[in-house]
Number of protein chains: 2
Amino acid sequence: MIRVVVVDDEQLVRAGLRLILEAAPDIAVVGEAADGAGALEQAHRLRPDVMLLDVRMPVVDGLTAAADVVAAGPKVIMLTTFDLDEYVHRALRAGAVGFLLKDTPPRELAEAVRTVAAGNAMLAPTVTRRLISSFAERGPARRDAARQRLAPLTARELEIVREVARGHGNAEIARRLTMSEATVKAHVSRALAKLQAGNRVQLAILVHDADLL
Amino acid sequence: MIRVVVVDDEQLVRAGLRLILEAAPDIAVVGEAADGAGALEQAHRLRPDVMLLDVRMPVVDGLTAAADVVAAGPKVIMLTTFDLDEYVHRALRAGAVGFLLKDTPPRELAEAVRTVAAGNAMLAPTVTRRLISSFAERGPARRDAARQRLAPLTARELEIVREVARGHGNAEIARRLTMSEATVKAHVSRALAKLQAGNRVQLAILVHDADLL
DNA sequence: GAAGACCCCTACCCGCCGTCCGGGCCGGAC
DNA sequence: GTCCGGCCCGGACGGCGGGTAGGGGTCTTC
């Protein structure tokens with residue numbers, strides 16, 4: 001049985017959600033709250049599996065409460081009428097694993113609760129669409145290219161280049177890896193040649209684009 | 001009526017998908033193909049609304065064909081047995097708006113076709129989950145912090161620091177901005193002091209985190 | 001209109017970075 | 001065994017990078 005708490009400032013909405021969810025045999029609504037503060041309190045006291053959080057609420061809104069609720073244990077599904085980008089960003093950064101519009105069909109809402117309880121994620125289709133495009137654009141396009149360029153490096157060379165990318169000087173790198181500064185320079189030089197780079201800055205950029213830290 | 005083409009190398013799978021989809025009154029399977037080449041041909045000839053593409057196929061696999069199919073018009077939903085990260089990355093970069101596992105329930109499959117046809121996106125829950133976490137991590141958290149650190153720089157200093165972040169040497173920067181190399185050094189030096197950085201590499205990292213190029 | 005603040009530019013000195021050269025070590029090929 | 005190639009290490013030299021000091025320009029502020 002999946003234990004759910006419903007949070008919304010409008011009692012009518014809470015009642016509606018409760019009706020929808022309790023129609024499912026494997027879902028039980030064990031609590032309700034009317035704002036973010038109440039949500040957090042319920043999260044600690046009832047320890048539900050899933051929490052449905054309205055975005056806009058008086059006093060403490062859902063987005064503000066989300067991070068604390070997530071930290072308290074429950075999976076969080078955000079509910080909203082408008083899928084504004086800013087809402088989505090903040091919600092996902094806060095650790096929410098669901099983001100649904102209030103016009104979601106009842107069956108999908110129950111399905112979302114199950115999906116989230118199982119450790120997966122569920123987003124409204126429009127949200128998914130934009131998440132994908134933001135991923136495809138600034139996604140691993142450059143990252144994979146950078147990794148491929150770094151491929152010819154030796155394990156040791158890569159290790160040193162990563163230190164370079166952290167902004168460390170040769171002397172410091174030498175201390176960290178317990179070797180002579182001259183050796184560090186040699187490795188850096190070899191890396192520069194292999195990657196056809198002129199600067200150690202360019203090495204750092206490559207490593208950063210490749211996401212290695 | 002949503003017009004769909006099903007692409008899979010196994011005839012049995014194609015037949016199964018056709019059965020599932022044609023059970024829906026608003027979906028019609030208008031074609032089939034057994035590999036990526038066939039998929040592309042059908043995409044051009046039949047101009048379907050949606051194309052279901054298996055990832056692993058002989059000759060031309062689905063991931064390779066996806067980009068061309070997308071360019072030809074149809075929305076693409078990828079189908080696979082395993083949701084490997086690499087598959088997902090390539091598929092989304094190729095422009096696919098759906099990524100489903102083959103164990104998806106029939107009802108959801110039809111729903112995915114409708115969702116995609118309507119211009120939205122549909123991913124398997126496990127895929128959504130990882131997409132979210134990759135988004136939350138590399139969110140604008142660090143970007144804004146970096147921009148704030150760069151704030152005290154003057155316009156000119158920022159301009160020069162950006163050149164530094166591109167991996168250019170002082171002499172080259174001097175040529176580009178038509179000034180003396182000594183001047184470039186002075187600006188860099190000021191920037192280093194303001195940002196409490198020890199290296200020009202650290203400047204480059206800041207600029208990159210701030211997303212300025 | 002003079003002082004002050006800020007920005008932009010320049011010149012010189014030193015330390016770090018990068019290059020070139022070479023040696024020791026291990027693996028496989030024959 | 002011997003040769004060969006790749007990888008890791010080290011030393012000595014030239015050039016680039018960074019620190020310091022100072023001059024000129026414009027805009028505010030009194």
Side-chain angles (χ1 to χ4, degrees), chain A residues 144-213, chain B residues 144-213:
Chain A
D144 292 343
R147 292 201 174 169
Q148 204 157 5
R149 284 202 57 187
L150 290 174
L153 292 188
T154 307
R156 195 68 166 159
E157 285 166 351
L158 183 62
E159 196 175 356
I160 288 176
V161 167
R162 287 176 60 192
E163 290 296 316
V164 170
R166 286 182 171 144
H168 297 147
N170 288 335
E172 191 170 359
I173 297 174
R175 264 190 288 111
R176 289 187 173 234
L177 304 185
T178 57
M179 66 173 95
S180 166
E181 183 181 345
T183 306
V184 177
K185 291 181 183 177
H187 282 296
V188 172
S189 193
R190 291 177 73 80
L192 288 173
K194 281 184 183 177
L195 302 177
Q196 304 180 27
N199 263 322
R200 64 170 34 212
V201 176
Q202 295 177 13
L203 296 183
I205 293 170
L206 267 179
V207 173
H208 253 241
D209 285 348
D211 259 346
L212 295 103
L213 284 180
Chain B
D144 293 343
R147 291 199 175 172
Q148 203 156 6
R149 285 202 57 187
L150 290 174
L153 295 186
T154 63
R156 195 67 165 162
E157 285 166 352
L158 183 61
E159 196 176 358
I160 288 177
V161 167
R162 286 176 61 195
E163 289 296 316
V164 170
R166 286 182 173 147
H168 297 147
N170 289 335
E172 191 170 0
I173 297 174
R175 264 190 286 112
R176 290 190 171 231
L177 304 184
T178 55
M179 68 173 92
S180 166
E181 182 182 346
T183 306
V184 177
K185 290 182 182 178
H187 282 296
V188 172
S189 196
R190 283 180 174 279
L192 288 173
K194 282 185 182 174
L195 303 177
Q196 304 179 29
N199 263 325
R200 61 171 33 211
V201 176
Q202 296 176 12
L203 295 184
I205 293 172
L206 266 179
V207 173
H208 257 244
D209 284 348
D211 259 347
L212 294 105
L213 286 179

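Order of the sequence lines fixes the chain letters, A, B, ..., with proteins taken first and strands second; residue numbering starts at 1 for each chain.
When each of C/dC17, C/dG18, D/dG19 is scored by its nearest atom to the side-chain atoms of A/Ser189, the top-ranked nucleotide is C/dG18. The A/Ala182 side chain lies nearest to D/dG11 when the options are D/dC8, D/dG11, D/dG18.
Taking A/Arg190 as the reference, A/Glu157 meet the salt bridge (Lys or Arg N to Asp or Glu O under 4.0 Å) condition, with sequence neighbours excluded.
The side chain of B/Asn170 contributes an N or O atom lying less than 4.0 Å from OP1 or OP2 of D/dG17. A sub-4.0 Å separation between OP1 or OP2 of D/dG17 and a side-chain N or O of A/Arg200 is absent. The shortest distance between the side-chain N/O atoms of A/Thr154 and the OP1/OP2 oxygens of D/dG6 is not below 4.0 Å.
C/dC16 atom C1' lies 12 Å from atom CD1 of A/Ile173, rounded to whole Å. Atom-to-atom, CG of A/Leu153 to C1' of D/dC8 comes out at 14 Å; the value is rounded to the nearest Å. Between the P atom of D/dG24 and the CZ atom of B/Arg156 lies a distance of 20 Å, rounded to the nearest Å.
Nearest-nucleotide positions on DNA chain C place B/Ala186 closer to the 5' end than the other of B/Asn199 and B/Ala186. Nearer to the 5' terminus of DNA chain D, by closest-nucleotide assignment, is the contact made by A/Arg190 (compared with the other of A/Arg190 and A/Lys185).
Looking at heavy-atom distances under 4.0 Å, B/Ala193 makes no contact with the nucleic acid at all. Using a 4.0 Å heavy-atom criterion, one finds that B/Ser180 contacts the sugar-phosphate atoms exclusively. Across all strands shown, B/Thr183 has heavy atoms under 4.0 Å from base atoms, whether or not it also approaches the sugar-phosphate.
Here the side chain of A/Lys194 pairs no donor or acceptor atom with the backbone of A/Leu153 at under 3.5 angstrom.
Between A/Arg175 and A/Glu172 there is no salt bridge, since none of the side-chain N atoms of the basic residue sits less than 4.0 Å from a carboxylate O of the acidic one.
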